[in-house]
Amino acid sequence: MTGGTIDATGLLFLSLREAEALDALVARIIPGDAADPGAREAGVTTYIDRALAGPYAEWRLAYRDGMRLVDAFAQASYGKRIGQLADADQDEILAALQEDRVPGFAAGDGARFFDMIWAHTIEGMFSDPAYGGNRDAAGWRLIGFPGAQYGYSADEMRYGADLTGKPIMTLADIRRLADEQPNLFYQRRDHRPPGRGATPPMPPAETTLESDQSQGG
Amino acid sequence: MAAKQADVVIVGLGASGAVLARELTEAGMHVLAIEKGPDYGPDDFWLKFDELRYSARCGISPTMDTDPITWRPNGAATARVAPWAVGPGAGNPLFLPPSLGVGGGSIHWACWFWRQREEDFRMRSVIRERFGDKVFPEGSRIVDWPVSYQELEPHYAAVEAEQGVSGQAGNISGELIPGGNPFEAPRSGPFPHPPIRPSASNQPFVEAASKLGYHPFPAAAAILSEDDGDRKACVYCGFCRDYGCHVGAKAETQNTTLPRAFATGRLEVLANCRVQRVNVDRDGRARSVSYVDARGDVHEAAGDLVVLAAYALENVRLLLASGINRNGAVGKWYTIHNYHWFSGDMPRDTLIYAGAAVGGWVIDDPNANWADHSDGAFLWGSPILYFAGDTQPIEGVRNLPPDTPLWGAGFKDYLRSSYRRRFGMYSQMATLPLESNFLDLDPTVKDPWGQPALRITHNWGDHDRAGGVWLNGIKQRIAEEMGALRTWPAPMEPPYHVTTHEHGGHVMGDDPADSVVNRYQQSHEVPNLFVIGGGSFPTMNGYNPTGTIQALALWTADYIKQETRRGGALTGALGRATA
């Protein structure tokens, strides 16, 4: 069920409706609840939305059209949008997508859409929380991964060792450690000559703030 | 008119180019190195703990949008941009060429450091002595190397010292040392550092392999097991393959080698500049290289010597794009590794995420000519490497056992129980040099700067399958002895045809008619051009290649220095530089 977990004000690419439909699907890929978080609780939809707004721009239309077809299939089959359906009905639609049975897709494309959502769900669930998913390291807790650890001791690195009590670290924690104790990290003289080397490419003058102002904005 | 001028222009400042640059600058030559990727600073990998950025999105590797490679299974098919490397979720730097940037592939590498066995340098002779001539497949070119282990040994030792290799010697001057690899070629001395800490679940592997009669030993690692100068000992964070090191423990040449080259004042680096061709004069000598800078402007850099050190694939592409292929040998005898990945779950937590991959021990028994290959099914074995570290979650959970549900409660159960107990084994079965596997320029696909993409024609064959079945049988017996709950092998014919271990294409040989470079990696066709790296390997073996690539770079550097001192064939200007 939808449950209003999508932060609409924070959506960067998806529409609210698209986000709700996607959230329903990812929540069935890795189901969860507050006590045992899954993809929805971990913010996987937020991860995918941010990725589409940035590095995965090439998949924008695939998501937009794909979610439209999935929602249309839900309407045709159950008379409701997918986000409003019960879990079991959502499962039917997810299975249909995986098996390439959702109408409107070219042959094979529905299954490929499933594969893409699946791949991005894995990324959102298990990448650093900085990317918008894996909230409170829910994905890492689920699988028993301690995160961005500076290192492990010989005592920890034993077969059968239980590291579930080890505080999980994220990139933000590593950043803090690097700020506070830079001597823990690699240091050498920087060979790169300051102020020399290749001239970096910059945007053309007509696109800069200055030229905007000169045109009276 | 060339914008830049140097004694030596080196294209690619990676594992081998950096070693050569250091040798030549210390010998008094002025070196201009042109590197496609960025020039990383000492703190650029402090925050490298990011699987999405560096592994899933291949953050430091050449990807298909900027460096397209096309592939087809045979000469009759139409090639497509590497299908295993495009599309959502396809990202894995293991199936691309190595990382770009100053340091090159030595940034991303997992740091297995091998000396080839003596037999690997004499593959044709060894096979013929054991099994006769009848086993050589039609259309193959299995040869002895034009350089021997004995000739390279001092260079292996020098590379181990410079890069700070950690390991356990198995054979010093013919005396077998307990605990090392009993099949190792004789070494002149021990490793500079003791072995790194083994993977958390290494002990069950060692016990099982030993019980079955194999001889497990710690793999040599180009990772520091103890502090050395400004480089710190490994802290076993587990973000190793595909990542720069945050403590400098990994032997990345921008940290290990280049500081000495820069200290001479004779090394200049042009980063983010892509070399597009070598310009050859009418007298048949390389005059310069053309490169495009980050602004898209094309320049020329002239050198008395030109060295291509840009990886086997890019070296071949540059030779072909430059029209340097009079004898038609460029691009031939392309060889790669089939990893025959083998995964399993153990009853208890393995800490698959911790420590270096190379912390898994190895058995070298199945390598080379150990088994009876007289039926010709396959001719050369491979070590089996225990792999139970350096595996982050996205890669780990995507490695699905067969019949795993992809969603729902069953999938969640899989996530909860499998990753934490995961282990792997892999081998590195080398493909044979065959006429049917080769590199050329794609007739249609170009990079964003209009340069032709490299085209790979390659397919897995009966040899690779027979070897994989045999090696996986050994892995399965070991896994059962370890008490594995379940195991699953990767497909015998994997989808990838690039593995960061590409070899051949500019093979070395004594005969200018059927090889591209001579035993010093000097072009037969253009005498002041050197083409170095794994592309020079005339045959491939079961080891990770970087140790040999770096030893060969030192061997080549020695030759260049000697020729220059003799006032010999190489150049006038180099004579001036060191007079």
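All figures in this text were calculated on a predicted structure; none of them were measured in a lab.
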Region of B:Asp413 in contact with chain A, defined by heavy-atom distances below 4.5 Å: neither
Residue selection (most heavy-atom pairs with chain A, distance under 4.5 Å) from B:Asp39, B:Asp50, B:Leu47, B:Leu267: B:Asp39
Atom group of B:Leu351 that falls short of 4.5 Å from chain A, counting heavy atoms: side chain
Residues B:Lys232, B:Asp227: salt bridge by 4.0 Å N-O rule: no
Positive for ring pair (Phe, Tyr, Trp, His ring centres under 6.0 Å) with B:Phe239, one of B:Phe49, B:Trp46, B:Tyr54: B:Phe49
Closest-packed option against chain A by number of heavy-atom pairs under 4.5 Å, given B:Glu51, B:Gln254, B:Lys48: B:Gln254
Qualifying residue for side chain to side chain donor-acceptor pair (under 3.5 Å) with A:His120, from A:Tyr56, A:Trp59, A:Tyr47, A:Tyr63: A:Tyr63
Toward chain A, the part of B:Pro198 with a non-hydrogen atom under 4.5 Å: backbone
Side chain / backbone / both / neither for B:Ser417 at chain A, heavy atoms under 4.5 Å: neither
Region of A:Asn183 in contact with chain B, defined by heavy-atom distances below 4.5 Å: backbone
Side chains of B:Tyr386 and B:Ser201, donor plus acceptor under 3.5 Å: yes
Salt-bridge criterion met for B:Lys412 and A:Asp36 (N-O under 4.0 Å): yes
Chain B contact via A:Asp91 - side chain, backbone, both or neither, heavy atoms under 4.5 Å: both
Side chain / backbone / both / neither for B:Arg421 at chain A, heavy atoms under 4.5 Å: neither
Chain A contact via B:Asp297 - side chain, backbone, both or neither, heavy atoms under 4.5 Å: neither
Carboxylate-amine/guanidinium contact A:Asp173 A:Arg176, below 4.0 Å: yes
Aromatic ring pairing B:Phe45/B:Tyr40, orientation class (parallel under 30°, perpendicular over 60°, tilted between): tilted
